[in-house]
Amino acid sequence: MYSEKVNQLVKRRVTEILDSIRHGVVVVDGKGMLLYANKAAAGILQKMGIPLADKRNIAELGLNREMERAVQEAAAGASFHKQQCQVNCNGVSMHLSWDAVPIVAGGRKAGAILLVEDETEAVAMARQLKEWERLAAAGEAVAGLAHEIRNPMAAAQGILQLLDLTDDNEQRKKLMARFSRELDRMNDILTNYIDLIQPPAEEEVELIDVLEVTKSVVALIEGEAALYNIGVSIRPVQPVPRVLGDPGLLKQAFLNIVKNAIEAMTEGGALRISMGCAGAQAWVEFKDNGSGIPPEHQDNVFRPFFTTKVAGTGLGLALSRRIVRGMGGEIKISSSQLGTVVTVYLPAICQDVWR
Amino acid sequence: MSSPSVQVVIVDDDSSVRWIIEQSLDLAGISYVSAATGAQGIELINLHRPPLAIVDLKLGAMSGLDVLRGIACPRQTKALLITGYASSLRDQLKDLPVLAVMEKPFDIQDLLRVVEEALRPSA
């Protein structure tokens with residue numbers, strides 16, 4: 001009599017506890033017969049259009065087939081953790097996360113527990129957040145584009161008005177030439193922008209000798225570097241890395257980095273380029289002793305249209321990063337008043353012996 | 001210190017926009033000097049103390065608003081802001097000596113109207 005009272009009390013306590021949690025708990029015996037379902041489980045099932053009251057076996061619930069099979073297998077000893085599924089019932093789509101685990105009592109299999117969590121709202125919110133982030137990024141890019149392209153537009157509109165005001169043929173010719181230049185500039189801005197957001201139509205992937213690409217980039221800028229009294233050196237550490245990708249694109253990525261370095265050292269300096277392989281990773285380091293990037297700008301250097309230069313487009317590093325990421329790599333920047341180090345990491349095809 | 005011969009200081013990092021504003025002011029016979037950076041702009045404004053500065057809002061490292069905040073004598077120099085994208089700017093203009101905001105591309109006749117208005121002795 002007394003022990004029965006205690007049992008009832010314990011049972012009531014356990015029921016209260018289980019009814020207080022937001023996870024749905026469904027308990028079945030070895031044959032799939034329903035032994036218990038807490039309030040949350042009833043709520044979730046009700047949302048799915050399944051009235052619990054008259055059901056006796058898990059098979060009658062008409063659950064998602066995968067979930068139903070998992071409960072049966074759990075009763076036989078298998079465990080399923082952190083499963084996800086989407087169910088569509090009565091025109092309502094629900095995202096559920098669930099576990100199915102065996103109950104072992106006295107060393108014997110005694111059924112299974114199905115734990116269900118309704119994550120519909122969390123999934124919807126995560127989707128909404130992602131969409132907002134996407135829109136915010138697009139908005140920022142478009143605002144940058146608007147800023148850029150309205151400069152040549154302002155000039156072009158002004159030129160048309162000036163043309164209206166002058167009869168001098170020489171002057172008109174000059175204005176027309178200028179007008180054409182402004183159109184070219186608008187086109188350049190748009191081309192750069194499209195390059196940034198779109199992968200190239202036909203990317204030619206081949207095995208690239210990173211040292212050769214670097215040498216060809218240095219050859220392009222040597223004249224400018226000499227003009228500013230900047231020494232450029234390349235130091236390859238064996239084995240010299242080879243990577244997979246489009247050599248033209250990698251050249252463009254490196255060129256933008258090198259140009260930035262040179263523009264940071266207009267008072268003269270040294271650009272030291274080194275490269276090597278560390279396991280499956282190739283690295284190329286561009287180290288200048290220029291003016292460095294002020295701390296307040298360091299977070300922005302990869303942002304499209306961010307520039308502090310008088311004639312910069314703000315697309316160089318953004319484009320470099322897009323190319324490097326497209327090849328499965330990453331760019332890291334560290335900068336101080338003593339200069340800037342840009343390191344490009346790429347998946348490497350390394351050779352131990354490399355001539 | 002101030003030079004009465006300079007009526008307008010142009011501050012824009014874009015050479016094309018600077019050029020078209022210079023052409024417009026030439027047409028109207030208005031004297032000016034131009035700056036390609038915000039820092040240079042502040043220097044020229046504080047040197048010449050012109051009645052008007054035409055300032056681009058986006059100037060690379062510095063914004064046009066930074067330039068306006070750097071004006072030593074805001075009572076003397078008013079600003080015409082030009083921008084390619086004027087969203088939510090109004091709140092930031094509080095307490096700054098801004099006469100007008102023009103969006104690019106602008107009509108040079110409109111630009112000259114604002115400039116001449118600003119340069120009129122009673123203004």
Side-chain angles (χ1 to χ4, degrees), chain A residues 136 139-166 168 171-172 174-175 177-186 188-189 263-264 291-298 300-301 303 305-314 316, chain B residues 10-30 32 34-41 54-67 80-89 92 101-115:
Chain A
E140 198 179 330
V142 170
L145 180 64
H147 263 299
E148 284 302 311
I149 209 144
R150 281 180 178 154
N151 285 332
M153 273 173 82
Q157 168 153 358
I159 289 166
L160 287 180
Q161 289 184 275
L162 290 178
L163 271 170
D164 229 10
L165 294 171
T166 179
D168 177 12
Q171 183 64 14
R172 287 179 71 87
K174 274 186 195 161
L175 288 171
R178 181 112 202 180
F179 188 82
S180 170
R181 281 217 302 278
E182 298 302 337
L183 282 184
D184 284 346
R185 225 183 111 199
M186 289 183 220
D188 287 348
I189 291 167
E263 282 162 13
S291 46
I293 305 162
E296 67 268 28
H297 294 156
Q298 284 183 15
N300 293 322
V301 292
R303 227 179 62 205
F305 298 106
F306 177 80
T307 184
T308 61
K309 293 172 200 156
V310 172
T313 60
Chain B
I10 303 165
V11 191
D12 198 312
D13 61 344
D14 191 279
S15 61
S16 296
V17 177
R18 263 194 333 267
W19 175 82
I20 196 67
I21 296 172
E22 289 167 0
Q23 298 297 308
S24 312
L25 297 184
D26 275 340
L27 264 182
I30 293 165
Y32 57 81
S34 300
T37 66
Q40 202 187 352
I54 300 178
V55 183
D56 184 20
L57 190 66
K58 190 174 171 256
L59 290 165
M62 220 183 241
S63 89
L65 300 181
D66 294 331
V67 172
L80 164 58
L81 274 181
I82 48 174
T83 174
Y85 187 70
S87 86
S88 68
L89 186 62
Q92 302 173 56
V101 178
M102 288 189 94
E103 285 207 45
K104 294 177 211 171
F106 45 78
D107 184 300
I108 60 177
Q109 310 279 15
D110 290 345
L111 179 88
L112 285 177
R113 213 167 295 137
V114 175
V115 171

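Proteins get letters first, then strands, A, B, ... in listed order; numbering begins at 1 in each. All values below come from the heavy atoms of this structure, side chains included, with hydrogens, waters and symmetry mates left out.
Of the two parts of B:Leu27, only the side chain, counted from C-beta on, holds a non-hydrogen atom closer than 4.5 Å to a non-hydrogen atom of chain A.
Here B:Lys58 pairs with A:Glu148 in a salt bridge; the nearest charged N to carboxylate O distance falls below 4.0 Å.
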Legend entry - Intermediate values then yes/no, side chain to side chain contact (heavy atoms under 4.5 Å, CB included), B:Gln23 and A:Ile159: CA-CA 9 Å; B:Gln23 298 297 308; A:Ile159 289 166; over 6 Å; no
Legend entry - Residues A:Arg185, B:Asp14; criterion side chain to side chain contact (heavy atoms under 4.5 Å, CB included); working and verdict: CA-CA 12 Å; A:Arg185 225 183 111 199; B:Asp14 191 279; 2.3 Å; yes
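Annotation: the span from A:His147 atom NE2 to B:Lys104 atom NZ amounts to 7.5 Å, rounded to 0.5 Å. With values rounded to the nearest 0.5 angstrom, B:Ile20 atom CD1 is found 7.5 Å from A:Leu175 atom CG.
A 4.5 Å side-chain heavy-atom check between A:Asn151 and B:Arg18 finds every atom pair outside the cut-off.
Qualifying side chain to side chain contact (heavy atoms under 4.5 Å, CB included) partners for A:Asp168, counting only residues two or more places apart in sequence or in other chains: A:Thr166, A:Glu170, A:Gln171. Applying the salt bridge (Lys or Arg N to Asp or Glu O under 4.0 Å) test to B:Asp66 and every residue at least two apart in sequence or in another chain returns B:Arg69. For A:Arg178, the salt bridge (Lys or Arg N to Asp or Glu O under 4.0 Å) partners at least two apart in sequence or on another chain are A:Glu182.
Residues of residues 105-112 of chain B lying under 4.5 angstrom from chain A, judged on non-hydrogen atoms, are B:Pro105, B:Phe106, B:Asp107, B:Ile108, B:Gln109 in numerical order.
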